[in-house]
Protein chains: 2
Amino acid sequence: MLSLTEENYLKAIFSLNREVAESATTNAIAEKLDTKASSVTDMMKRLSKKDLVNYQKYQAVSLTKKGKEVAISIIRKHRLWELFLVEKLHFKWDEVHDIAEQLEHIKSTQLTDRLDAFLGFPDQDPHGDPIPNKEGQFPEDGRTTLSELNQKTSCKVVGVKDHSSSFLSYLESMDIELNTIIQIKTHHAFDSSMEILIEGKKEAHISKEVAQNLYVE
Amino acid sequence: MLSLTEENYLKAIFSLNREVAESATTNAIAEKLDTKASSVTDMMKRLSKKDLVNYQKYQAVSLTKKGKEVAISIIRKHRLWELFLVEKLHFKWDEVHDIAEQLEHIKSTQLTDRLDAFLGFPDQDPHGDPIPNKEGQFPEDGRTTLSELNQKTSCKVVGVKDHSSSFLSYLESMDIELNTIIQIKTHHAFDSSMEILIEGKKEAHISKEVAQNLYVE
DNA sequence: ATTAATTTTTAGACTACCCTAAAAGTAGTG
DNA sequence: CACTACTTTTAGGGTAGTCTAAAAATTAAT
């Protein structure tokens with residue numbers, strides 16, 4: 001059984017490594033958890049002994065399989081509770097973080113799974129962040145968004161992530177619908193926007209946000 | 001800000017003193033919390049310094065006003081969460097205790113009050129125990145049931161909670177009616193039953209259920 | 001490549017909470 | 001009142017987690 005403190009360390013390491021690889025350094029973790037570097041070193045030794053992190057003196061740490069599972073389960077709980085607070089208890093999306101920060105440590109798989117069901121197996125929290133399912137898979141797992149592809153690639157639209165009518169009508173105006181073939185001509189690095197060719201005939205420029213919300217194969 | 005451990009001590013003392021006055025002895029608390037007497041002594045000194053308990057060496061402890069408020073707020077949270085688990089997440093009434101034991105320590109008055117509203121301001125948990133309101137009043141406040149009194153106390157019957165004819169005829173058979181004087185001789189801790197003296201003459205044994213359904217003054 | 005700046009680790013100490021073993025206090029019994 | 005049984009407290013120590021200050025290692029810079 002892990003302590004609240006240990007769980008918070010794992011969560012911090014997970015999120016640092018999500019953003020940029022090799023970034024979970026002693027100092028970075030300390031800053032994230034508002035503690036001191038020496039405390040982090042201490043804890044890394046303990047977590048390493050429990051096979052939750054891979055730790056080597058003076059090097060950035062990474063999570064083991066076991067550590068990753070714990071971290072994901074905490075993120076899952078955090079996001080489910082946030083959604084519960086907003087959707088069922090009518091909190092505003094900016095008021096829920098601190099409460100979810102506490103609720104995420106409640107230990108009961110059954111509780112988490114039933115909460116998940118109660119909320120209708122959602123895949124996004126109130127901030128639009130993905131909620132991993134009970135197997136620890138993030139919703140877009142297996143599904144590729146257009147934004148993940150490189151230029152000169154061709155693909156077929158198989159779904160949308162954002163279901164808002166404004167997004168859908170925007171797609172319609174571009175003649176993009178299910179099964180539309182898209183070729184990426186240029187993928188601009190500076191803003192992640194793209195020049196694409198729709199169905200081999202119509203050229204268009206789409207923003208990063210649009211590319212991130214189109215599932216393709 | 002109180003620690004989880006401190007909160008659990010306060011809750012234990014509250015419940016011991018509810019059952020029988022002067023019963024929150026070092027040993028009793030230790031047993032209730034599955035810890036050792038020496039640890040309890042330790043904690044009593046700390047809680048006393050924080051003005052949460054009244055502690056004098058070698059004597060049973062009681063809660064201060066502040067201590068009582070904390071204890072009641074924890075009980076409130078525990079019972080609201082239990083009801084949530086049963087009513088909304090469809091847990092069985094016997095599966096919820098351990099989870100509620102964790103949830104009761106979540107610190108957010110707003111959360112508690114919204115959960116209360118979400119559940120429709122209930123006054124009983126799934127086990128039939130009363131849920132204090134946000135002011136810390138138990139639903140039957142203003143009205144005291146016989147079960148809330150300690151042994152050696154004397155009181156007068158002023159009403160019944162259960163109005164069923166079977167209960168009323170049972171009372172009649174015991175010669176208990178409005179304005180009857182009852183003296184509590186013994187309040188058994190193990191099953192909350194009582195030995196009482198009716199109108200100073202007739203001795204009787206009554207169960208917890210009966211005591212809980214008699215309003216007295 | 002040696003020095004300087006920065007990061008990380010170690011050493012030693014503190015608090016909260018727990019324990020065991022022994023001492024001290026309280027109560028019951030003849 | 002003394003003796004025994006029991007309860008409670010003290011004394012001393014352990015672990016988890018924190019800190020500061022100093023030492024060691026790494027990285028950057030001249």
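This one's a predicted model, so the numbers in the text were calculated from it and none came from an experiment. Per chain, numbering begins at 1; letters A, B, ... match sequence-line order. Both backbone and side-chain heavy atoms feed into the values below; hydrogens, waters and symmetry mates do not.
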For this session: Under 4.0 Å from any heavy atom of chain A: name the first and the last nucleotide of DNA chain D that qualifies, 5' to 3'.
Result: D/dA16 to D/dT26
Exercise. Among pairs that include at least one residue of residues 82-93 of chain B, which meet salt bridge (Lys or Arg N to Asp or Glu O under 4.0 Å), considering only residues two or more places apart or in two chains?
Worked result: B/Lys92-B/Glu95
For this session: Begin from the C-alpha positions of B/Val96 and B/His127 and carry the test side chain to side chain contact (heavy atoms under 4.5 Å, CB included) through to its verdict.
Result: CA-CA 10 Å; B/Val96 295; B/His127 306 99; 4.1 Å; yes
Problem set entry | Value in whole Å for how far the P atom of C/dT9 lies from CE of A/Met44 | 10 Å
Exercise. Which residue pairs pass the side-chain hydrogen bond (donor to acceptor under 3.5 Å, both in side chains) test with at least one member in residues 21-31 of chain B, sequence neighbours excluded?
Worked result: none
Seminar exercise, completed: With sugar-phosphate taken as primed atoms, P, OP1 and OP2 and all else as base, the protein-contact string of nucleotides 11-21 of chain C at under 4.0 Å (heavy atoms; B, S, -) is -----SBBBB-
Exercise. How far apart are the C-alpha atoms of B/Leu2 and B/Leu10, what are their side-chain angles, what is the distance that settles it, and do they pass the side chain to side chain contact (heavy atoms under 4.5 Å, CB included) test?
Worked result: CA-CA 10 Å; B/Leu2 298 182; B/Leu10 294 175; 3.9 Å; yes
Exercise. What residues in residues 47-55 of chain A put a non-hydrogen atom under 4.0 Å from any atom of DNA chain C?
Worked result: A/Tyr55
Problem set entry | A/Asn27 vs C/dT6: side-chain N/O to OP1/OP2 distance below 4.0 Å | no
Exercise. Which ring-ring contact (aromatic ring centres under 6.0 Å, His included) pairs, counting each pair once, include a residue from residues 36-60 of chain A, with sequence neighbours left out?
Worked result: none
What donor-acceptor contacts under 3.5 angstrom involve side-chain atoms of residues 181-200 of chain B, with partners at least two apart or in another chain?
from: B/Lys185; atom 1: NZ; to: B/Glu203; atom 2: OE2; distance (Å): 3.2
from: B/His187; atom 1: ND1; to: B/Glu19; atom 2: O; distance (Å): 3.4
from: B/His187; atom 1: ND1; to: B/Leu149; atom 2: O; distance (Å): 3.0
from: B/His188; atom 1: NE2; to: B/Glu195; atom 2: OE2; distance (Å): 3.0
from: B/Asp191; atom 1: OD1; to: B/Ser193; atom 2: N; distance (Å): 2.9
from: B/Asp191; atom 1: OD1; to: B/Ser193; atom 2: OG; distance (Å): 2.8
from: B/Asp191; atom 1: OD2; to: B/Ser193; atom 2: OG; distance (Å): 3.3
from: B/Ser193; atom 1: OG; to: B/His205; atom 2: NE2; distance (Å): 3.4
from: B/Glu195; atom 1: OE2; to: B/His205; atom 2: ND1; distance (Å): 2.8
from: B/Glu199; atom 1: OE2; to: B/Ile181; atom 2: N; distance (Å): 2.9

Exercise. Looking at residues at least two apart in the chain, or sitting in another chain, which of them share a side chain to side chain contact (heavy atoms under 4.5 Å, CB included) with B/Asp42?
Worked result: B/Arg46
Exercise. Just checking B/Thr41: base, sugar-phosphate only, or nothing, at a heavy-atom cut-off of under 4.0 Å?
Worked result: base
Exercise. Under 3.5 Å, is there a donor-acceptor pair between the A/Glu148 and A/Thr145 side chains?
Worked result: yes
Problem set entry | A/Leu47/A/Val61 under side chain to side chain contact (heavy atoms under 4.5 Å, CB included): CA gap, chis, key distance, verdict | CA-CA 11 Å; A/Leu47 293 179; A/Val61 298; over 6 Å; no
Seminar exercise, completed: Its contact letters, B for base, S for sugar-phosphate only and - for none at protein heavy atoms under 4.0 Å, make nucleotides 23-28 of chain C read --S---
Exercise. Which residues satisfy the side chain to side chain contact (heavy atoms under 4.5 Å, CB included) test with B/His105, sequence neighbours excluded?
Worked result: B/Leu4, B/Glu7, B/Asn8
For this session: Could you pull out all residues at least two apart from A/Phe84 that satisfy ring-ring contact (aromatic ring centres under 6.0 Å, His included)?
Result: A/Trp81, B/Phe84
Problem set entry | Audit row: B/Glu101, B/His78, side chain to side chain contact (heavy atoms under 4.5 Å, CB included) steps and yes/no | CA-CA 6 Å; B/Glu101 203 74 356; B/His78 182 100; 3.3 Å; yes
Distance-only check: which donor-acceptor pairs under 3.5 Å involve side-chain atoms of residues 110-118 of chain B, not counting sequence neighbours?
from: B/Thr112; atom 1: OG1; to: B/Ser108; atom 2: O; distance (Å): 3.1
from: B/Asp113; atom 1: OD1; to: B/Arg76; atom 2: NH2; distance (Å): 2.7
from: B/Asp113; atom 1: OD2; to: B/Lys134; atom 2: NZ; distance (Å): 3.4
from: B/Arg114; atom 1: NH1; to: A/Leu89; atom 2: O; distance (Å): 3.1
from: B/Arg114; atom 1: NH1; to: A/His90; atom 2: O; distance (Å): 2.6
from: B/Asp116; atom 1: OD2; to: B/Arg76; atom 2: NH1; distance (Å): 3.1
from: B/Asp116; atom 1: OD2; to: B/Arg76; atom 2: NH2; distance (Å): 3.2

